[in-house]
There are 2 protein chains.
Amino acid sequence: MFSIGQLSKATGVKVPTIRYYEEIGLLPEPGRNAGNQRRYGQDGMDALGFIKHARDLGFSLEDIKALMGLDGHLGDDCAEADRIARSQLANVRDRIRKLRQLASELERISHLCDGGNGGCCKVLTALGDHSQCAGEHE
Amino acid sequence: MFSIGQLSKATGVKVPTIRYYEEIGLLPEPGRNAGNQRRYGQDGMDALGFIKHARDLGFSLEDIKALMGLDGHLGDDCAEADRIARSQLANVRDRIRKLRQLASELERISHLCDGGNGGCCKVLTALGDHSQCAGEHE
DNA sequence: TCTTGATGCTCTAGTGACTAGAGGCCCTAC
DNA sequence: GTAGGGCCTCTAGTCACTAGAGCATCAAGA
């Protein structure tokens, strides 16, 4: 049996966050000891590990709830789990694409200040004027 | 003079968002007409354009507030504007790096389901087990 | 056994950047 | 004059936590 603090250390999820996951129904309510403190078994550890990993991969708590719901009847809903994973992948790729455009524009803006005091300060002007941007962003 | 709705259409910032920016002191309070409705001049339009563009570039409202504060005394604080822009660039690059790792892991996980029913369903298992991951993420 | 300090408990409120809705007032065009 | 769209304020909700208050419990050492 693990205390909430041990669970936290083992998974890297902070204590208040664990209680929050329980509150919103993501993590099943564990048993309590005589002093009303939470006591977790291996299943609680596994569930929290699943959540942590999926969160690190950028899944929303809503998605994770759906994924965990599938866990009971795996065979049938493999397609559903796959769908969620693929949609998350598309999401991540889209974010990368947008961020690349932002980075290139920020580079352009930063270079305006390279010469020291000479061409300064075009940074604020560039930020105020989208028409100077090479491509579309957002 | 523009109404809040006209400003919204021109800049692409939603009406409640404009009021929100005013509430938090990012956008200066405009004048009002006889019926207590906001009326903006070109300066309001420019300020909102600046905010919009900087938001699209991923700057926080806090950063934008700092950037706009510099506007009055540009010469001196070019260095500060440049510092904020560069730190934002570093930030974006870091997010891209992390997202690339996530994408590659998500690709790996998605491929587990490629064969249809054969190897199904490893997706949920993979999500639950970080030790299967090739690299570090987050 | 007693004490001490870490850990645990519940509850409320705050974060950032909005978004939604209620209930009412104003403006413009017909 | 009236219809309907736009505008007003205010409150509360979103997501995924985070912080703090004020108190109870636990484990280890004296």
Side-chain angles (χ1 to χ4, degrees), chain A residues 1-27 29-40 44-45 47-48 50-68 84 88 91-92 95 98 102 138, chain B residues 1-27 29-40 44 47-48 50-68 84 87-88 91-92 95 98 102 138:
Chain A
M1 288 303 218
F2 314 105
S3 70
I4 197 169
Q6 290 171 322
L7 211 67
S8 168
K9 257 187 197 149
T11 58
V13 179
K14 289 182 189 161
V15 168
T17 305
I18 297 175
R19 285 197 277 251
Y20 169 72
Y21 287 162
E22 179 186 324
E23 189 191 323
I24 62 169
L26 193 58
L27 204 57
E29 289 188 30
R32 304 277 181 140
N33 72 357
N36 196 35
Q37 299 192 350
R38 290 167 180 83
R39 287 296 175 263
Y40 298 87
M45 183 74 89
L48 190 56
F50 180 93
I51 295 170
K52 173 69 161 64
H53 195 202
R55 281 297 293 145
D56 284 349
L57 289 171
F59 289 86
S60 71
L61 296 185
E62 209 49 48
D63 275 345
I64 296 172
K65 208 177 264 185
L67 285 168
M68 291 179 85
I84 294 177
Q88 177 61 11
N91 201 327
V92 168
R95 272 153 69 198
K98 279 187 185 146
L102 298 192
E138 278 300 84
Chain B
M1 287 302 221
F2 314 105
S3 72
I4 197 168
Q6 290 170 322
L7 211 66
S8 168
K9 257 187 197 150
T11 59
V13 179
K14 288 182 189 161
V15 168
T17 305
I18 297 175
R19 286 198 275 251
Y20 170 71
Y21 288 163
E22 180 185 324
E23 188 191 325
I24 64 170
L26 193 58
L27 204 56
E29 290 187 31
R32 304 277 180 139
N33 71 357
N36 196 35
Q37 300 193 349
R38 290 166 179 82
R39 287 296 176 262
Y40 297 87
L48 190 57
F50 180 93
I51 295 170
K52 174 67 161 63
H53 194 202
R55 281 297 294 144
D56 284 349
L57 289 170
F59 288 86
S60 71
L61 295 186
E62 209 49 50
D63 276 345
I64 295 172
K65 208 178 262 185
L67 286 168
M68 292 179 82
I84 295 176
S87 113
Q88 176 60 13
N91 201 326
V92 168
R95 273 153 69 199
K98 280 187 183 142
L102 298 193
E138 276 302 81

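Per chain, numbering begins at 1; letters A, B, ... match sequence-line order.
With sequence neighbours excluded, the residues that form a side chain to side chain contact (heavy atoms under 4.5 Å, CB included) with B:Ser60 are B:Glu62, B:Asp63. Here A:Glu22 pairs with A:Glu29, A:Pro30, A:Arg32, A:Arg38, A:Tyr40 under the side chain to side chain contact (heavy atoms under 4.5 Å, CB included) rule; sequence neighbours left out.
Remark: B:Lys14, B:Thr17, B:Tyr20, B:Tyr21 in residues 11-27 of chain B come within less than 4.0 Å of DNA chain C through at least one heavy atom.
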Quick one: side chains of residues 2-19 of chain A, donor-acceptor pairs under 3.5 Å with protein atoms, not counting sequence neighbours, listed by atom name and distance.
from	atom 1	to	atom 2	distance (Å)
A:Ser3	OG	A:Gly5	N	3.4
A:Ser3	OG	A:Gln6	N	3.2
A:Gln6	OE1	A:Ser3	N	2.8
A:Ser8	OG	A:Val13	O	2.8
A:Thr11	OG1	A:Leu7	O	2.8
A:Thr11	OG1	A:Val13	N	3.3

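Considering every non-hydrogen atom in both A:Leu27 and A:Ala47, the closest pair reads CD1-CB, 3.8 Å.
Note that the first and last nucleotides of DNA chain D, 5' to 3', having any atom under 4.0 angstrom from a heavy atom of chain B are D:dG6 to D:dT9.
Put simply, CD1 on B:Ile51 and CG on B:Leu67 are 11.0 Å apart, with the number rounded to the nearest 0.5 Å.
Nucleotide C:dC9 holds its P atom 12 Å from the CD atom of A:Glu29, rounded to whole Å. One can place CG of B:Leu61 at 9 Å from C1' of C:dC18, the figure rounded to the nearest angstrom.
Phosphate contact (OP1/OP2 of C:dG8, side-chain N/O of A:Ser3, threshold under 4.0 Å): present.
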Reading nucleotides 23-30 of chain C from the 5' end, what letters show protein touch, with B for base, S for backbone sugar-phosphate only, - for no heavy atom under 4.0 Å? ---SS---
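Considering only heavy atoms from C-beta on, A:Leu26 stays 4.5 Å or farther from A:Tyr20 through its side chain.
No donor-acceptor distance shorter than 3.5 angstrom exists from the side chain of A:Lys65 to the backbone of A:Gly25, with no hydrogens or angles considered.
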